[in-house]
K.L.:
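I'd like to ask you about the structure that follows.
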Amino acid sequence: MELDKIYEPRLFEPKWAKWWVDEKLFVAETDSDKPTYSLIAPPPNVTGALHMGHCFEIAMTDITMRWRRMSGDNVLWLPGLDHAGIATQMLVERHLKSQGIDRREIGREKFLEHVWTWKEEYGGKIVDQFKRIGASCDWSRQRFTMDPGVSRAVNEAFVRLYERGLLYRGEYMVNWDPGTLTALSDLEVVHEEQKGHLWHLRYPITGSDGEYVVVATTRPETMLGDTAVAVHPDDERYKHLVDKTITLPLVGRELKVIFDDFVDPEFGTGIVKITPAHDPNDFAAGQKHGLEIINILTDEAKINANGGKYEGLDRYEARKQIVADLEALGLIDKIEDYVNKVGKSQRSGLAVEPRVSMQWFIKTKSLAEPSIEAVESGRMEIMPEQWRRNYFEWMHNIRDWCVSRQLWWGHRIPAWYTEDGEMFVARNEEDALKQSGGRPLRQDDDVLDTWFSSGLWPFSTMGWPDETPDLKAFYPNSLLITGFDILFFWVARMTMLGIAMMDEPPFRKVLIHGLVRDADKKKMSKTKGNVIDPIEMTEKYGTDAVRFALVSSAGQGSDVVLSEERIAGYATFANKIWNAMRFVFMSLDRAGAETWTPEDLDNFEALPSEATGEVPLADRWMFSRLDAVAAGVNENIEKNRYHDAANQLYQFFWKEFCDWYIELKKIDFTDDSGLTNEWKNMLAATERALRLLHPLAPFITEELWQRLTVNTAGRTKSLAFASYPQAKSSRRDADAEHRVSVLQEATTGVRNLRAEMNIPPRNPLTGILYSPSADVRSVTSDQADALARLACVTLSAVEGHAPEGKATHHTAEFDLEIELPEEQKQALKKKLAKQLGQLEKAATGSRKQLGNEAFLAKAPESVVASIKEKLTDYESQIKRIKATLEG
RNA sequence: GGGCGCGUAGCUCAGUUGGUUAGAGCGCCUGCUUCACACGCAGGAGGUCCGGAGUUCGAGUCUCCGCGCGCCCACCA
């Protein structure tokens with residue numbers, strides 16, 4: 001068996017990606033005795049392409065899912081796509097426009113045909129990308145938010161909310177996007193600081209010659225819709241306005257003066273113009289005081305017929321014009337610079353226009369309460385903890401949710417109207433007709449907010465409202481992994497709707513992750529051009545490297561700073577794994593043992609050497625270490641500490657498995673030895689290491705494991721279903737671990753001396769020794785005497801090069817003495833002196849602690865014991881160093 | 001205006017309930033073509049854990065104040 005010299009993931013990753021899907025390996029069982037573990041993937045937009053954020057999320061999810069599966073759970077990872085109402089409609093509109101087609105000309109039905117065609121052609125590209133990076137989803141259960149089943153759930157939920165009085169329709173002020181021509185929810189509005197002005201306008205008091213009041217506004221154009229001015233009732237300055245009216249300049253309308261304490265007398269002039277049609281506060285004031293609502297804007301935010309001579313002007317043009325006209329009339333009191341926040345549409349980027357219109361709203365208060373309770377009680381856990389507070393904060397201050405959108409692409413609102421305006425909310429048209437007694441009906445033109453259907457995702461995907469076996473088995477979901485950016489948009493809505501429809505919160509645990517940023521910590525975005533394309537990276541460095549790079553640097557909830565360099569760094573790790581296996585296969589050939597047919601890999605324990613009748617130390621040690629690592633990794637993945645799991649495996653595999661275990665094992669191997677127990681131990685250890693690595697690096701481990709276990713009787717078809725190594729305390733071998741640590745310490749000591757004294761690594765006398773195996777190669781037996789020999793070998797080698805002076809290196813158990821030239825001796829002395837200082841400081845600290853009664857009384861036994869142990873260690877080291885320095 | 005978070009080696013970050021010489025990767029320096037791997041091996045330098053005060057036997061870890069940075073929510077004209 002032979003591997004290519006260099007690890008080239010693109011040669012095998014696509015093969016496994018396809019195989020995993022084709023073999024339907026990750027299809028969840030509906031009827032299973034195993035414990036279930038379920039998760040819905042946040043459905044990406046059909047229009048979407050895979051970005052690093054997806055990769056990061058998929059990496060964490062896939063680690064968890066593969067680990068669960070290997071640990072024996074019946075795992076469901078349900079993938080899907082979101083129709084993404086506004087985004088998709090905008091995209092297709094733009095696409096059609098480039099062909100000279102206007103959606104309004106072709107009409108709703110034709111347009112929707114185009115969207116579906118577009119969706120079939122370009123949509124779902126991201127699904128292939130998910131598959132390519134090895135997301136172990138159950139593709140047999142893939143859903144789309146506009147699927148008939150999911151759509152049925154949408155209508156069902158709508159009707160149920162309506163029947164419970166949690167849905168209402170009415171004319172209220174909403175955020176209107178003049179770009180996409182639809183209402184938006186509050187969450188879809190992004191507030192941006194903008195430099196502007198505060199215009200102080202003179203409004204003449206009717207009938208009192210030349211007298212005026214000054215109102216301050218950031219939007220002078222809205223004056224066309226003013227129907228009142230307001231002052232604080234206690235404001236002495238404006239007492240004289242009782243019984244007066246104001247004449248609105250340019251328009252001539254008589255404005256009432258209202259007195260209300262919502263006015264802040266401190267701000268501006270203490271008098272405010274009221275435009276009920278174009279400002280939320282003013283709208284409320286208008287409701288309260290029965291003011292006329294005069295809408296002056298069209299859908300596109302141009303001045304309408306109510307704006308008189310300004311009709312047809314864009315809102316900003318109108319502003320200019322109106323200011324100029326007022327100026328000409330001497331009605332501009334002053335203009336101040338002013339910074340205020342402008343709400344912009346998340347989608348079109350245009351400033352949102354507050355607008356009164358007929359919309360559907362969900363009453364959220366009674367939905368939020370149990371959602372708060374679910375998290376407070378711990379029935380639904382939010383991690384990391386800090387996000388709980390954000391969640392609570394939002395839920396406590398929740399406002400009604402505008403769910404209607406003036407779009408065509410989406411779930412059409414299941415409400416029907418007769419000609420005279422009677423309304424029927426029903427599951428389908430047939431039901432509506434029944435209710436109307438057969439009177440002709442017209443369905444509501446609007447569609448639902450995309451987040452309404454996504455809000456039902458945890459159960460709409462499982463067949464709800466039918467009581468399906470899937471729903472029974474998999475709801476509530478065990479886990480949700482998603483980004484903080486959609487905590488309110490999605491997680492909060494799913495929780496509210498989940499509890500409302502299913503009486504149970506949709507998840508047991510919600511893990512919130514951070515953002516993937518570029519090397520300068522900037523958000524990745526196409527416009528900035530700092531996007532690192534995951535597929536490109538995958539082709540270049542391998543999926544496993546991309547995963548490791550993403551996962552290993554992110555503490556819980558924190559952002560990931562990603563660079564190509566970093567990914568390349570983890571490709572070297574994959575290369576290391578590859579070459580370790582390459583060594584195994586090559587040596588196996590050399591040993592003349594072509595096949596390996598172990599019976600039981602799961603319960604393999606290290607075998608005694610045929611030669612000595614004892615289990616070789618290196619193997620005892622490795623199996624003990626494998627067990628320790630298994631314990632750590634299991635715990636870390638369980639607790640969603642993926643970065644710890646990744647780093648632990650990285651350190652283990654590189655520093656322990658490769659640097660020490662393989663090197664130590666080299667000593668035992670001889671050509672044509674056949675498949676000795678030494679060999680079997682190593683093969684089994686390697687196999688176990690691959691299992692441990694699989695959830696984090698699925699591709700390379702599958703590739704290597706398939707080759708390694710090709711002749712293994714009764715092995716699972718894929719590494720993905722081999723059992724995950726569980727820690728067994730009986731496997732821990734403290735004696736072996738201690739002995740190897742001594743070996744390591746001594747070896748390091750020898751190398752240290754060698755380096756410090758500039759002894760050529762390849763000493764002609766003895767042929768010293770570079771790698772650990774080389775250092776130890778000339779030593780045949782195990783452990784303690786190996787060390788003594790090692791020291792002797794090194795010493796004898798050194799002597800020829802160090803004719804004068806004398807220095808000593810100490811380890812806990814061995815002393816190495818060698819002769820040194822004066823110059824080097826001095827350098828060494830300096831180093832030892834520094835070490836001595838550090839040790840004495842540490843020892844003093846320890847002594848102080850041990851002499852402290854308060855400490856002895858309060859500190860736990862184990863801490864005291866470890867300090868005592870350390871102190872002994874310090875003292876013996878100090879003694880030896882002192883002896884050396886004096887001698 | 002309200003809320004959340006961050007500041008640890010040159011860079012990016014770990015550091016779980018406070019426990020005694022503070023870790024990793026990358027980068028840097030030195031030496032090595034060594035029969036798995038130069039995408040490598042061996043050795044090394046580098047930190048008053050933002051500043052100050054406090055709690056404690058003990059603080060990177062807890063509390064308060066200050067400085068610097070980031071994010072979220074909010075209708076002040």
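Basis for what follows: all heavy atoms, side chains included, without hydrogens, waters or symmetry-related copies. Each chain gets a letter, A, B and so on, in the order its sequence line appears, and its residues count up from 1.
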K.L.:
Salt bridge (Lys or Arg N to Asp or Glu O under 4.0 Å), that's the test. Do A:Asp235 and A:Arg237 meet it? Break it down for me.
P.N.:
CA-CA 5 Å; A:Asp235 196 330; A:Arg237 293 172 294 178; 2.8 Å; yes
K.L.:
Measure from the side chain of A:Asp659, starting at C-beta and using heavy atoms only, and say which of B:rC41, B:rG15, B:rC13 lies closest.
P.N.:
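Of all the options, the side chain of A:Asp659 is nearest to B:rC41.
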K.L.:
Between B:rC76, B:rA36, B:rC4, which one does the side chain of A:Arg389 approach most closely?
P.N.:
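The listed nucleotide nearest to A:Arg389's side chain is B:rC4.
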K.L.:
Separation of A:Phe585 atom CZ from B:rC35 atom P, in whole Å?
P.N.:
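So the two atoms are 21 Å apart, to the nearest Å.
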K.L.:
Between B:rA36, B:rC71, B:rC13, which nucleotide gets closest to the side-chain atoms of A:Phe484?
P.N.:
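The listed nucleotide nearest to A:Phe484's side chain is B:rC71.
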K.L.:
Students often get this wrong, so: under 4.0 angstrom with heavy atoms, is A:Ser558 touching a base, only sugar-phosphate, or nothing?
P.N.:
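Sugar-phosphate contact only - A:Ser558 comes under 4.0 Å of backbone atoms but never of a base.
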K.L.:
Among the nucleotides B:rC37, B:rU16, B:rG19, which one has an atom lying closest to any side-chain atom of A:Arg582?
P.N.:
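The closest nucleotide is B:rC37.
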K.L.:
Among the nucleotides B:rU16, B:rC57, B:rC39, which one has an atom lying closest to any side-chain atom of A:Ala854?
P.N.:
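It is B:rC57.
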K.L.:
Counting only distance, no hydrogens or angles, is the base of B:rA74 paired donor-acceptor with the side chain of A:Glu393 under 3.5 Å?
P.N.:
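Per atom types, no contact qualifies.
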K.L.:
Does A:Tyr338 reach a base, just sugar-phosphate, or nothing at all? Heavy atoms under 4.0 Å.
P.N.:
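The residue A:Tyr338 makes sugar-phosphate contact but no base contact.
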K.L.:
So if I take every side-chain heavy atom of A:Lys858 and compare against B:rC39, B:rU12, B:rC57, which nucleotide ends up nearest?
P.N.:
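The answer is B:rC57.
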K.L.:
Look at all strands and tell whether A:Arg590 reaches a base, only sugar-phosphate, or nothing, counting heavy atoms closer than 4.0 Å.
P.N.:
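A:Arg590: backbone/sugar contact only, no base atoms under 4.0 Å.
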K.L.:
Would you indicate what A:Phe573 reaches in the nucleic acid, counting non-hydrogen atoms under 4.0 angstrom: base, sugar-phosphate, or nothing?
P.N.:
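Since no nucleic acid heavy atom lies under 4.0 Å of A:Phe573, the category is nothing.
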K.L.:
Please pick, from B:rA14, B:rA36, B:rC39, the nucleotide with the shortest atom-to-atom distance to any side-chain atom of A:Lys666.
P.N.:
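For the A:Lys666 side chain, the nearest candidate turns out to be B:rA36.
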K.L.:
Select base, sugar-phosphate, or nothing to describe what A:Val561 touches, counting heavy atoms under 4.0 Å on all strands.
P.N.:
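If one applies the 4.0 Å heavy-atom cut-off, A:Val561 turns out to touch the sugar-phosphate alone, with no base involved.
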K.L.:
Would you say that A:Arg517 contacts A:Asn530 through its side chain, given a criterion of any heavy-atom pair below 4.5 Å between the two side chains?
P.N.:
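No. Closest side-chain heavy atoms not under 4.5 Å.
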K.L.:
Checking A:His513 now: which residues fulfil ring-ring contact (aromatic ring centres under 6.0 Å, His included) with it, not counting sequence neighbours?
P.N.:
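Only A:Phe56 meet the ring-ring contact (aromatic ring centres under 6.0 Å, His included) criterion with A:His513.
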K.L.:
I need the CD-P distance between A:Glu656 and B:rA24, as an integer number of Å.
P.N.:
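So the CD-P distance, A:Glu656 to B:rA24, works out to 14 Å.
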K.L.:
So what does A:Gly569 hit on the nucleic acid, given a heavy-atom distance under 4.0 Å: a base, only sugar-phosphate, or nothing?
P.N.:
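Answer is nothing: A:Gly569 stays at 4.0 Å or more from every strand.
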K.L.:
Using a 4.0 Å heavy-atom cut-off, does A:Arg388 contact any base of the nucleic acid, only the sugar-phosphate backbone, or nothing at all?
P.N.:
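Nothing, no nucleic acid heavy atom in range.
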K.L.:
Do the ring planes of A:Phe657 and A:Phe652 sit parallel (below 30°), tilted (30 to 60°) or perpendicular (above 60°)?
P.N.:
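Correct class here is tilted.
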K.L.:
Are A:Val561 and A:Ser553 packed together at the side-chain level, in the sense that at least one heavy-atom pair is separated by less than 4.5 angstrom?
P.N.:
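With C-beta onward as the side chain, the pair stays apart.
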K.L.:
Counting just side-chain N and O atoms, does A:Arg641 come under 4.0 Å of either OP1 or OP2 of B:rG15?
P.N.:
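Yes.
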K.L.:
So, using salt bridge (Lys or Arg N to Asp or Glu O under 4.0 Å) as the criterion, who are the partners of A:Lys344 when residues are at least two apart?
P.N.:
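A:Glu192.
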K.L.:
Which part of the nucleic acid does A:Lys639 contact within heavy-atom distance under 4.0 Å: base, sugar-phosphate only, or nothing?
P.N.:
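The residue A:Lys639 makes no contact with any strand.
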K.L.:
Touch check for A:Ile6, heavy atoms < 4.0 angstrom, all strands: base, sugar-phosphate only, or nothing?
P.N.:
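A:Ile6: base contact, heavy atoms under 4.0 Å.
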K.L.:
Applying a 4.0 Å non-hydrogen cut-off, can you work out what A:Lys341 is touching in the nucleic acid: base, sugar-phosphate, or nothing?
P.N.:
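Counting heavy atoms under 4.0 Å across all strands, the contact made by A:Lys341 includes a base.
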K.L.:
From the options B:rC57, B:rA36, B:rC72, select the nucleotide whose nearest atom is closest to the side chain of A:Phe488.
P.N.:
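Shortest atom-to-atom distance from the side chain points to B:rC72.
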K.L.:
Going by number, which of residues 643-655 of chain A have a non-hydrogen atom under 4.0 Å from RNA chain B?
P.N.:
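Nucleic-acid contacts, sorted: A:His643, A:Asp644, A:Tyr650, A:Gln651, A:Trp654, A:Lys655.
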K.L.:
Assign A:Arg219 to base, sugar-phosphate, or nothing according to its heavy-atom contacts below 4.0 angstrom with the strands shown.
P.N.:
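Nothing, no nucleic acid heavy atom in range.
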K.L.:
Can you tell me if the side-chain N/O atoms of A:Lys521 get under 4.0 Å from OP1 or OP2 in B:rC13?
P.N.:
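Checking B:rC13 against A:Lys521, a side-chain N or O does come within under 4.0 Å of OP1 or OP2.
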K.L.:
Choose from B:rC39, B:rC4, B:rU12 the nucleotide whose nearest atom is closest to any side-chain atom of A:Asn390.
P.N.:
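Shortest atom-to-atom distance from the side chain points to B:rC4.
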K.L.:
Looking at CZ of A:Arg707 and CG of A:Leu690, how far apart are the two atoms once the value is rounded to the nearest 0.5 Å?
P.N.:
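Rounded to the nearest 0.5 Å, the CZ-CG separation comes out at 12.0 Å.
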K.L.:
What nucleotide among B:rA77, B:rC75, B:rC73 has an atom nearest to a side-chain atom of A:Asn281?
P.N.:
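Selected nucleotide (nearest to the side chain): B:rC75.
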